[in-house]
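All residue numbers refer to positions in the sequence shown, counting from 1. Order of appearance sets the numbers: ligands from 1, and atoms from 1 within every ligand. Here the structure is a predicted model, which is why all the values come from computation and not from measurement.
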Amino acid sequence: MIKEIGVGAAGALVVVLLVLGINIMPLVFLAGLLAFLYFFVGNKTPARNFIKAGERGGSSISFSHIGGQETAKKELMEALDFVRDQKLIHKMGIRPLKGILLIGPPGTGKTLLAKAAANYTQSAFLSTSGSEFIEMYAGVGAQRVRQIFREAVKQAEKLKKNSAVIFIDEIDILGGKRGSHSSHLEYDQTLNQLLVEMDGIDGKEKIKILVIAATNRADILDPALVRPGRFDRTVNVDLPDLEGRMQILLLHTRNKPLEEKVDLKAVARETFGFSGAHLESVANEAAILAMRDASDALGEQHFSEAIEKVMMGERLERRPDEEQLWRIAVHETGHALVSEEPRPGSVSSITTTSRGRALGYMRQTPEKDSYLYTKEYLEGQMAVLLAGSKAEEMVLGNRSTGASKDFQQVVKLARQIITSGMSSLGVICMENIPGKILYESMQGLIKEQEARVEETLKNYMGIIRDIAGVLVKHEKINGDFLREKMAAVKGEARSA
Ligand code: ATP
C-alpha cells in the first residue's frame with residue numbers, strides 16, 4: 001500500500017515539475033542511483049528473485065513419481081527417516097541430519113528427488129541454484145544465503161510445517177574449493193556463510209531445516225562442505241538402467257494414448273545412455289509427432305522418430321544436392337553393412353535425413369546395457385566407424401570431409417584399447433609412452449580395422465549401389481531391408 005502511494009506521489013511530482021518547465025533529468029539520475037544502492041550495495045535483492053519462481057511452498061511430487069533410481073530412493077528415504085522421527089532421534093542422542101548431497105549427471109531426477117524428500121518429510125520446499133549466489137558485488141552472495149535460510153523458516157511457518165527443505169542445484173558453483181576462484185573473496189565469503197548457517201542447525205529449532213544440494217562435479221567441492229556434520233550423506237543418482245528407463249517411460253506415457261503394439265521395453269532398450277529428462281522428451285516428442293500425423297494414438301514410428309530427434313537433434317531444412325546425397329547414402333550404407341557383420345541384427349535404421357550436425361546416420365540397436373567392453377567389441381565399433389569413408393573410397397573413388405567425426409571417435413576407441421592394456425604395448429602408463437610409439441600403436445590398430453572393412457565391403461560391392469539408391473529415393477530404410485539384401489548375397493555365395 002505504502003509502495004503504491006509512493007509511486008503515485010512520485011508520478012504526480014514528475015508531472016507538476018514538467019508542467020512548471022523544470023528540468024527533471026538530475027532528479028531521475030539521483031533516483032536511479034538511490035535504487036541501485038538500495039538493491040545491490042545494500043543487499044536488498046528480494047529473495048523471490050533468486051528463489052526459483054513456483055518453487056516455494058510444499059511439494060506435490062512423491063517418490064512414486066520418480067521412475068527407476070531405486071538405490072538412490074532407498075538411500076534417501078533411509079536418511080530422511082531420521083528427519084521424520086524426531087522423538088527417536090532425541091532419545092538416541094543422534095545429531096540432526098543437516099545436508100544431503102545428490103551426485104549425478106544432468107537430468108537424472110535430482111530435483112525430483114529433493115521435491116519428493118520435502119513431500120516425504122512434510123516439509124516446506126525452496127529451490128535455488130548455486131549460480132544465483134554469485135554476484136559481482138561483495139557480500140551479496142553471503143546475504144542471499146542468510147535470506148534463503150530465513151525465507152525457509154518463514155515458508156514453513158506460513159504452511160504450518162515443522163520443517164523445510166532448501167534445495168541448492170549446481171552447488172559446485174558456490175561450493176568449489178576455497179581460494180580456487182579468480183574473484184575468490186566473494187565466493188569464499190558466500191561458502192563460509194553457508195557453512196555458518198549449516199553449523200547453526202542444532203536440532204533444537206522449532207523449524208528444522210534440511211539442505212539438499214545437487215552436483216555432477218563432487219570432485220571440486222570444498223572438503224569443509226562434505227565433512228561430517230554438513231553434507232555428510234551422499235546419494236549417487238546415476239543414468240537409469242534398462243528397468244529404470246522402462247519405469248520412466250511408463251510414467252511419462254501414462255497420460256498419453258498408445259497404440260497396442262507399442263513396446264515400451266523396446267524403446268527402453270534403444271535408449272541406453274538416456275537420462276530421465278531425455279526419456280521425458282522422447283515421450284513428449286512422440287506425442288507431438290502423433291498429433292502432427294493426425295493419429296489417435298502414439299505409434300512405434302513416432303517413438304522411433306522421437307528417439308532420433310532427441311539423440312541427434314532437430315531435422316534440418318537444408319537438403320544437400322543430388323551428388324552429395326548419393327555420397328551420404330553410400331557412406332551410411334558402408335557403416336550399416338559392416339555393423340551387420342560382427343553383430344547381425346544390429347542395424348535399426350539408415351537415413352539420409354540431416355539432423356543436428358549429421359548429414360545422415362545409421363542407428364544401431366544396443367543389444368543390452370553394457371558398462372564394460374571387450375577388445376573385440378571396441379574393434380568392431382572402430383570398423384563400423386571406418387566403413388563410411390571406406391565405402392566412399394571404394395564406390396566413388398575418393399573420401400570427403402563427412403568422415404572427420406567418425407575418425408575422432410575411431411582415435412578415441414584406439415586410445416581406449418591402449419589405455420586398458422589391450423594393445424600389443426601391454427599394460428602401460430600413458431604418460432611414460434613416447435608419442436611416436438603411441439602413434440604407431442594407434443595406427444596399427446586403425447590399419448588392421450581398415451583392412452577388415454575393405455575385405456567385408458568387397459563382398460557387398462554388388463549391393464552397395466542398390467541399397468544407396470533405395471536410400472536416396474526413400475530417405476530412410478530399416479535394418480530388415482538391409483539384412484534381406486545381405487542374405488541374398490550370402491545365399492548366392494553359398495550356392496556358387
Ligand atoms: P539438473 O542436474 O540438470 O538440474 P536433475 O538431475 O535435477 O537435472 P530433474 O530436474 O529432476 O533432473 O529432471 C528433469 C526432468 O526429467 C523432470 O522434470 C522429469 O520430467 C524428467 N525425469 C528425470 N529423471 C526422472 C525419473 N527418474 N523419473 C521420472 N522423470 C524423470
So which protein heavy atom does atom 22 (N) of ligand 1 come closest to, and at what separation?
Gly276 C, 3.6 Å

Which is it for Asp219 and Arg217 under the salt bridge (charged side-chain N to carboxylate O under 4.0 Å, His left out) test, yes or no, and what are the steps along the way?
CA-CA 5 Å; Asp219 53 313; Arg217 292 296 316 273; 2.9 Å; yes

Determine yes or no for a side-chain-to-main-chain donor-acceptor pair under 3.5 angstrom, with Thr333 supplying the side chain and Ala329 the backbone.
yes

Once you round to the nearest 0.5 Å, how far does OH of Tyr361 lie from CZ of Arg363?
7.5 Å

Report yes if some N/O of Leu251 lies less than 3.5 Å from some N/O of ligand 1; otherwise report no.
no

Is any side-chain N of the basic residue among Lys73 and Glu70 closer than 4.0 Å to the acidic one's carboxylate O?
yes

Between Leu112 and ligand 1, find which residue part has any heavy-atom pair under 4.0 Å and reply side chain, backbone, both or neither.
both

Ligand 1 atoms in contact with Gly107 (distance to a heavy atom under 4.0 Å)
1 (P), 2 (O), 3 (O), 5 (P), 6 (O), 8 (O), 12 (O), 23 (C), 24 (N)

To which of His252, Lys115, Glu280 does the heavy atom nearest atom 30 (N) of ligand 1 belong?
His252

Can you tell if the side chain of His302 reaches within under 4.5 Å of the side chain of Ser295, non-hydrogen atoms only?
yes

Ile66, any N or O under 3.5 Å of ligand 1 N or O:
no

For ligand 1, which atoms sit closer than 4.0 Å to a heavy atom of Ile248?
26 (C), 27 (N), 28 (N), 29 (C)

Assess Ala214 for proximity to ligand 1: is some non-hydrogen atom of it under 4.0 Å away?
no

NZ/NE/NH1/NH2 to OD/OE distance under 4.0 Å, Lys375 and Glu379:
yes

Taking atom 12 (O) of ligand 1 as the reference point, the nearest protein heavy atom with its distance:
Gly109 N, 3.3 Å

N or O contact, Gly67 vs ligand 1, cut-off under 3.5 Å:
yes

Would Glu151 and Arg146 pass as an ion pair if we require N to O under 4.0 Å?
no

Look only at the side chain of His65 and the backbone of Ser62, and say whether a donor-acceptor pair between them is shorter than 3.5 Å.
yes

Do me a favour and list the nearest non-hydrogen protein atom to atom 10 (O) of ligand 1 with residue, atom name and distance?
Thr111 OG1, 3.3 Å

Could you walk me through whether Gln122 and Asn162 pass the side-chain contact (heavy atoms from CB on, under 4.5 Å) test, one step at a time?
CA-CA 8 Å; Gln122 297 282 306; Asn162 297 324; over 6 Å; no

Which ligand 1 atoms does Ala277 reach within 4.0 Å, using its non-hydrogen atoms?
16 (O), 21 (C), 22 (N), 23 (C)

Among all protein non-hydrogen atoms, which one is nearest to atom 2 (O) of ligand 1, and what is the separation to 0.1 Å?
Lys110 NZ, 2.9 Å

Go through ligand 1 atom by atom and flag the ones less than 4.0 Å from a non-hydrogen atom of Asp169.
4 (O)

